[in-house]
Amino acid sequence: MVFENACVEVPGRTILRDISLSLSERRIAIIGANGSGKSTFARLLNGLAKPSSGRVLIDGIDTAKAPRGVRALVGFLFQDPDDQIVMPLVEEDLRFSLKALKLDKDGEDAAIERILSRFGLKDLRQQPAHYLSGGEKQLLALANILLRAPRYLVLDEPTTLLDLRNRRRILDAMDGLEETVICVTHDLEIAAGFERVLLLDSGRVLADGAPADVIARYRSLAG
Ligand SMILES: Nc1ncnc2c1ncn2[C@@H]1O[C@H](COP(=O)(O)OP(=O)(O)OP(=O)(O)O)[C@@H](O)[C@H]1O
Ligand SMILES: [Mg+2]
């Protein structure tokens, strides 16, 4: 994943300024104050947001030119899990995600059963997805993304709504993943366990490197 002088501007405002970097580590955290541009940065990675100037490339694919190709590579967990639910029932929502894989019915059922067990959601299989608690929705959203087997996972505050047990479930799920994870978070314990941390501040990358250094810089900003 490569940013080449990427800027995001809206009328009268610059949200991200001239970002150039290459992301190749398997675990990268994005931290920074509210409004610093973290979600916008994350959305650039799967083509949901496009740079107003500069480029963002995922495995060489330009997100502005081939957003569909990019979305097949990059799974995205929204900050608000309600944005991610597309079908009324939990089971239907998961089945919808499996469509692209073209499994037969038994294959789909087995995949749904496996992912529900993995996230402790088996009892919710026939429930309306919109009635789940915030934390359960977040787990369902992550389950949906993993079913599509993306190469990269971009997670926007995956643990914000979760109680301690479900936070642990998400962290364990992340630990077990082969995929590259880029995680926006205010949970500095998560960032501390990653390989590389980026600190955003007013749309700029203010610090980029080993977790201990970047987290210390962030703490110093908060005074
Ligand atoms: N499409 C848009 N039009 C206008 N302003 C926008 C747009 N998208 C984001 N912004 C503004 O850009 C800034 C950065 O937003 P962003 O959502 O990326 O911040 P964030 O770091 O994720 O914050 P938080 O920690 O609160 O989630 C905010 O001030 C936001 O209001
Ligand atoms: Mg955000």
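Scope of the values below: all heavy atoms of this structure, side chains included, with no hydrogens, waters or symmetry mates. Whatever order the structure lists them in is the order used to number ligands and atoms, beginning at 1. The first residue of the sequence shown is numbered 1, and numbering continues consecutively from there.
When hydrogens are left out, the protein atom nearest atom 17 (O) of ligand 1 is Ser39 CB, 3.6 Å; that is the closest non-hydrogen contact. In terms of protein heavy-atom proximity, atom 31 (O) of ligand 1 is closest to Arg13 NH1, 3.7 Å. Nearest non-hydrogen protein atom to atom 16 (P) of ligand 1 is Thr40 OG1, 3.6 Å. Here the protein heavy atom with the shortest distance to atom 7 (C) of ligand 1 is Ile15 CD1, 3.5 Å. In terms of protein heavy atoms, atom 3 (N) of ligand 1 is closest to Val10 CG1, 3.6 Å. In terms of protein heavy atoms, atom 25 (O) of ligand 1 is closest to Lys38 NZ, 2.7 Å. Looking from atom 13 (C) of ligand 1 to the surrounding protein, the closest heavy atom is Gly35 O, 3.5 Å.
By the 6.0 Å contact criterion, CZ on Arg204 is open, its count of non-hydrogen atoms from other residues, nucleotides or ligands being 12 or less. For Glu189, the CD atom is loosely surrounded, since the number of other residues' heavy atoms within 6.0 Å does not exceed 12. Taking a 6.0 Å sphere around CG of Asp123, one finds it holds 12 or fewer heavy atoms contributed by other residues, nucleotides or ligands.
Residues Leu23 and Leu198 are in side-chain contact: their nearest non-hydrogen atoms beyond the backbone lie under 4.5 Å apart.
The shortest N/O to N/O separation between Gly37 and ligand 1 falls below 3.5 Å.
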Can you give the donor-acceptor pairs under 3.5 Å from side chains of residues 99-106 to other protein atoms, not counting sequence neighbours?
residue	atom	partner	partner atom	Å
Asp104	OD1	Asp106	N	3.4
Asp104	OD1	Gly107	N	2.8
Lys105	NZ	Asp109	OD2	3.1

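Judged purely by atom type and a 3.5 angstrom limit, Thr159 has no side-chain atom pairing as donor or acceptor with the backbone of Leu162. Using modelled atom types, one side-chain atom of Lys38 and one backbone atom of Ala33 make a donor-acceptor pair closer than 3.5 Å. Side chain of Gln84 to backbone of Phe78: a donor-acceptor contact under 3.5 angstrom is found.
Heavy-atom proximity to Ala33, at under 4.0 Å, picks out these atoms of ligand 1: 21 (O). Short contacts between ligand 1 and His186, defined as distances under 4.0 Å to a heavy atom of the residue, involve ligand atoms 25 (O). Each of the following atoms of ligand 1 lies closer than 4.0 Å to a heavy atom of Asn34: 23 (O), 24 (P), 25 (O), 26 (O). Under a 4.0 Å criterion applied to the non-hydrogen atoms of Glu157, ligand 1 contributes the atoms 25 (O), 27 (O). Which parts of ligand 1 touch Gln79 is read off a 4.0 Å heavy-atom cut-off, strictly below it: atoms 27 (O).
Listing protein N, O or S atoms at distances below 2.8 Å from the Mg ion (ligand 2), with waters left out, gives Ser39 OG, Gln79 OE1.
Taking every heavy atom of both residues into account, Ser220 and Arg217 meet most closely at OG-O, 2.7 Å.
The CZ atom of Arg26 lies 12.0 Å from the CE atom of Met174; values are rounded to the nearest 0.5 Å. For the atom pair Glu113 CD and Leu94 CG, the distance stands at 11.0 Å (nearest 0.5 Å).
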For this session: Take Tyr152 and Asp59 through the test side chain to side chain donor-acceptor pair (under 3.5 Å) and record every step on the way to the result.
Result: CA-CA 10 Å; Tyr152 302 98; Asp59 291 358; 2.4 Å; yes
